[in-house]
Enquirer: 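Before we start, here is the structure in question, set down as structure tokens.
Being a predicted model, the structure only gives us computed values, none of them experimental. Atom set for the values below is all heavy atoms of this structure, side chains included, hydrogens, waters and symmetry mates excluded. Just so we're on the same page: letters track the sequence lines, and every chain starts at 1.
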Amino acid sequence: MPDNKTAMKLAHLTGAKGIWAVCLLALLLVGCDKGPSSGGAGGGGGDVIKVGEYASLTGKEATFGISSHEGTLLAVEELNAAGGVLGKQIKLMTEDTQSKPGEPATVVNKLISRDGAVAILGEVASSRSLEAAPICQQNKIPMISPSSTNPKVTETGDYIFRVCFIDPFQGTVMANFASHTLKAKKVAIFTDAKSDYSKGLAKFFKDKFTANGGTISSELDYNGGDKDFKAQLTTIRASSPDAVFVPGYYTDVALICIQAKQLGLDVPLLGGDGWESEKLTEIGKEAVEGNYFSTHYHPDVGSDMSKKFLASYQKRFNGKLPDALAANGYDSMMLLADAIKRAGGTDATKLRDAIAATKDLTLVTGSITINAKRDADKSAVILQIKDGGYKFLQSIQP
Amino acid sequence: MTDLLQQLINGLALGAIYALLALGYTMVYGVLRFINFAHGDVFMLGAFAGYYLAGPVSKVIPAESYLGGIVVLALAMGICALLGVIIELIAYRPLRSRPRLTVLITAIGVSLFIEYTCQHEKVFGASPRKFPDLIPNTTWDIGGVVVGSAQVIVLVTTVLLLIGLTLIVQRTKIGTAMRAVSFNPQAAALMGVNVNHIISFTFGLGSALAAAGGILFAMNYSSIDPLMGVQTGLKAFVAAVLGGIGNLPGAALGGLLLGVIETFAGGMKGISNYRDAIAFGILILILMFRPSGLLGKQQTEKV
């Protein structure tokens with residue numbers, strides 16, 4: 001199994017299986033707070049703050065997980081280079097969820113009970129955050145999701161937070177964009193029936209768009225991971241909409257765009273932050289050109305902090321342009337660091353209260369206030385796909 | 001009306017691919033009486049073979065030409081035929097005398113082995129890739145019904161391969177031997193038929209058809225990934241059962257029917273996300289009311 005990096009490192013350090021077992025036994029005797037670093041790397045438990053991260057580093061939504069992880073990693077490196085938080089270095093422990101249901105529960109349990117994480121960062125996909133959130137809540141370990149926008153995620157309990165806006169806001173933004181900027185009267189909605197994120201976004205879009213006086217010409221579903229969308233798209237085409245709202249993830253959306261073009265469905269397609277990945281343009285090529293989506297961040301919306309982030313991210317990751325997920329990943333770690341400072345330590349209750357009290361904290365994606373529902377109040381941006389890249393169109397305040 | 005026709009074309013293009021795959025299931029069932037669950041993965045490997053061959057072939061024959069497409073298709077079919085033979089040799093042949101259940105479970109193991117090996121980042125990696133355009137990408141608009149060149153190619157290729165297969169099975173010596181083995185392996189062996197050769201040949205033939213299906217699928221739907229064969233493979237299995245497993249024309253008919261039914265369900269408001277459920281619902285109904293499949297009763301030859 002290529003995924004379990006900590007275990008691999010430990011196995012490397014100790015060499016044989018027998019020692020591994022002894023280590024585990026020692027761990028049980030010593031208690032959780034020592035963690036696997038008792039093998040020697042990283043020093044004793046007292047000098048570091050252990051932060052757990054779970055992300056989809058491989059699989060269907062791999063580019064999300066990788067971007068988000070890179071942002072978080074950059075934040076950790078910057079914090080540690082500047083002397084750490086409260087004089088302690090941050091130790092980031094990352095686990096891969098493989099973009100699969102079931103994995104988040106396993107790896108988050110491991111991060112909390114075996115590795116002794118004081119806080120958990122992740123995930124991007126709402127379905128997977130929803131799986132891990134109850135575990136964090138039960139163990140009273142604060143969890144901060146960088147980019148899960150489904151409202152249900154933070155409704156799990158008072159230890160669950162996020163640094164992004166939520167779907168009602170995102171859905172409303174796109175509905176207003178469709179009716180006011182695109183002047184669309186009839187819009188079709190094409191939802192991923194397997195994804196909580198997609199269903200939530202579709203619902204809020206529909207509510208706002210019909211309230212704006214528009215009509216929904218047809219509503220169809222697909223299952224994430226399908227390859228053939230022509231059947232549904234033919235029905236959508238028959239309802240002759242002015243635009244199609246596709247709140248899905250990039251791999252499916254790229255194919256939907258291609259097959260819509262093939263069927264001669266030449267109307268703009270709209271979506272949410274699930275679209276943002278270089279894979280969308282890589283697979284979709286000219287078929288995705290001209291379509292619109294809402295997201296959290298664009299390098300062109302320049303605050304000083306976001307310019308600094310752009311420069312250091314590109315320096316760290318070989319000139320790769322940071323996307324919204326990288327920015328959110330970075331912000332999730334920075335918000336946590338800020339809360340740890342204010343809490344004066346990593347005591348779970350104090351840390352939770354400190355996160356909840358975050359107000360007007362200036363981060364890369366803008367000024368963040370954690371509201372009573374433990375979501376972040378902040379602005380959204382609308383981008384258009386142009387020449388294989390993203391063009392910034394407008395920024396919308398909450 | 002145009003939408004109905006459009007859906008019919010969409011459905012036939014999808015069904016043709018199921019048909020190609022279903023033939024592989026049905027042929028292997030014919031000679032060995034077990035379901036080769038790794039067949040869907042050979043389909044995936046065929047698509048990936050096409051992906052990797054497209055570059056080198058385009059250096060000799062310009063990309064996006066029909067000739068180039070045929071060359072890539074033929075090469076990938078050859079590679080997968082070889083793979084099919086190797087899979088049978090390594091995984092199934094040593095179990096020939098064991099209970100059929102053992103072989104069946106081994107087939108599932110082979111399938112998982114291929115899927116997870118291919119998902120490793122050193123092999124293909126798990127993320128989907130764009131399949132290169134093998135043939136000129138044109139669409140024709142016939143009174144509102146849009147037909148793409150890929151769809152036409154899928155249908156034409158499937159029909160040609162079906163004719164080829166029928167000729168092999170009915171008119172050649174090896175085809176006669178295949179039918180003999182499917183009828184009674186012991187008797188066939190006594191008549192001087194080399195049963196091992198025939199079984200290898202059957203696997204090769206089925207795998208070549210799966211490879212063709214994989215490339216046609218990738219051409220039609222633009223993206224490939226290591227798990228693309230799972231769902232498609234299962235549907236093709238349903239198609240084979242629908243037509244009557246062990247029956248060649250049945251597999252083709254089952255594939256086309258399933259593709260069309262699934263497409264019409266997918267285009268229906270309210271049930272569009274149940275298209276897979278409908279496909280598997282058909283399997284249950286068939287097993288309940290007509291276990292031998294649509295053409296199962298009047299079957300006169302098995303392969």
Enquirer: Any side-chain heavy atom of A:Asp226 sitting closer than 4.5 Å to one from B:Gln231?
Expert: no
Enquirer: Set out, in order, the CA-CA distance, both residues' side-chain angles and the distance that settles side-chain contact (heavy atoms from CB on, under 4.5 Å) for A:Arg237 and B:Gln6, then state yes or no.
Expert: CA-CA 11 Å; A:Arg237 189 187 69 175; B:Gln6 181 75 59; 3.2 Å; yes
Enquirer: For chain B, which candidate among A:Asp192, A:Ile258, A:Thr58 shows the most heavy-atom pairs at distances under 4.5 Å?
Expert: A:Ile258
Enquirer: Can you confirm whether the side chains of B:Asn273 and A:Lys194 place a donor and an acceptor under 3.5 Å from each other?
Expert: no
Enquirer: With a sphere of 6.0 Å drawn around NZ of A:Lys206, does it hold more than 12 non-hydrogen atoms of other residues, nucleotides or ligands?
Expert: no
Enquirer: Based on non-hydrogen pairs under 4.5 Å, which of B:Gly270, B:Pro226, B:Ser223 is most in contact with chain A?
Expert: B:Ser223
Enquirer: So if I apply the side-chain contact (heavy atoms from CB on, under 4.5 Å) rule between B:Asn10 and each of A:Leu233, A:Asp228, A:Leu263, which one comes out positive?
Expert: A:Leu263
Enquirer: Between side-chain atoms of residues 253-266 of chain B and protein atoms elsewhere (two or more places apart, or another chain), which donor-acceptor pairs fall under 3.5 Å?
Expert:
from	atom 1	to	atom 2	distance (Å)
B:Glu262	OE1	B:Tyr18	OH	2.8
B:Glu262	OE1	B:Lys235	NZ	3.4
B:Glu262	OE2	B:Lys235	NZ	3.4
B:Glu262	OE2	B:Arg275	NE	3.1
B:Glu262	OE2	B:Arg275	NH2	3.0
B:Thr263	OG1	B:Gly259	O	2.7

Enquirer: Between B:Asp141 and chain A, with a heavy-atom cut-off of 4.5 Å, which part of the residue counts as in contact: side chain, backbone, both or neither?
Expert: neither
Enquirer: Select, from A:Thr63, A:Ile236, A:Asp221, A:Thr191, the one with the greatest count of heavy-atom pairs under 4.5 Å involving chain B.
Expert: A:Asp221
Enquirer: Looking at side-chain heavy atoms only, is the closest gap between B:Lys130 and A:Glu282 below 4.5 Å?
Expert: no
Enquirer: Which distance, rounded to the nearest 0.5 Å, do you find between the CG of A:Asn223 and the OG of B:Ser272?
Expert: 8.5 Å
Enquirer: Determine whether A:Thr235 and B:Asp3 make a side-chain contact, defined as any pair of heavy atoms from C-beta on separated by less than 4.5 Å.
Expert: no
Enquirer: Taking atom NZ of A:Lys386 as the centre, does the number of heavy atoms from other residues, nucleotides or ligands within less than 6.0 Å exceed 12?
Expert: no
Enquirer: In Å and rounded to the nearest 0.5 Å, what is the NZ to CD distance from A:Lys230 to B:Gln7?
Expert: 11.5 Å
Enquirer: Can you name the nearest heavy-atom pair linking B:Met268 to A:Leu220, along with the distance?
Expert: O-CD2, 4.0 Å
Enquirer: Using heavy-atom distances under 4.5 Å, tell me whether B:Phe217 contacts chain A through its side chain, its backbone, both, or neither.
Expert: side chain
Enquirer: May I ask you to test the A:Ile283-B:Pro128 pair for a side-chain heavy-atom distance under 4.5 Å?
Expert: yes
Enquirer: Please classify the contact of B:Thr139 with chain A as side chain, backbone, both or neither, using a heavy-atom distance under 4.5 Å.
Expert: side chain
Enquirer: Quick check on A:Phe317: does its CZ atom have over 12 non-hydrogen neighbours (other residues, nucleotides or ligands) under 6.0 Å away?
Expert: yes
Enquirer: Would you please test B:Lys269 and A:Gln232 for side-chain contact (heavy atoms from CB on, under 4.5 Å) and show each step?
Expert: CA-CA 8 Å; B:Lys269 285 172 203 174; A:Gln232 291 96 320; over 6 Å; no
Enquirer: Is it true that atom CZ of B:Phe113 has more than 12 heavy atoms of other residues, nucleotides or ligands lying nearer than 6.0 Å?
Expert: no
Enquirer: Distance check, rounded to the nearest 0.5 Å: B:Ser222 atom OG versus A:Lys227 atom NZ?
Expert: 9.5 Å
Enquirer: May I ask you to test the B:Asp225-A:Thr251 pair for a side-chain heavy-atom distance under 4.5 Å?
Expert: no
Enquirer: Identify, with sequence neighbours excluded, every residue that meets salt bridge (Lys or Arg N to Asp or Glu O under 4.0 Å) alongside A:Glu123.
Expert: A:Arg128
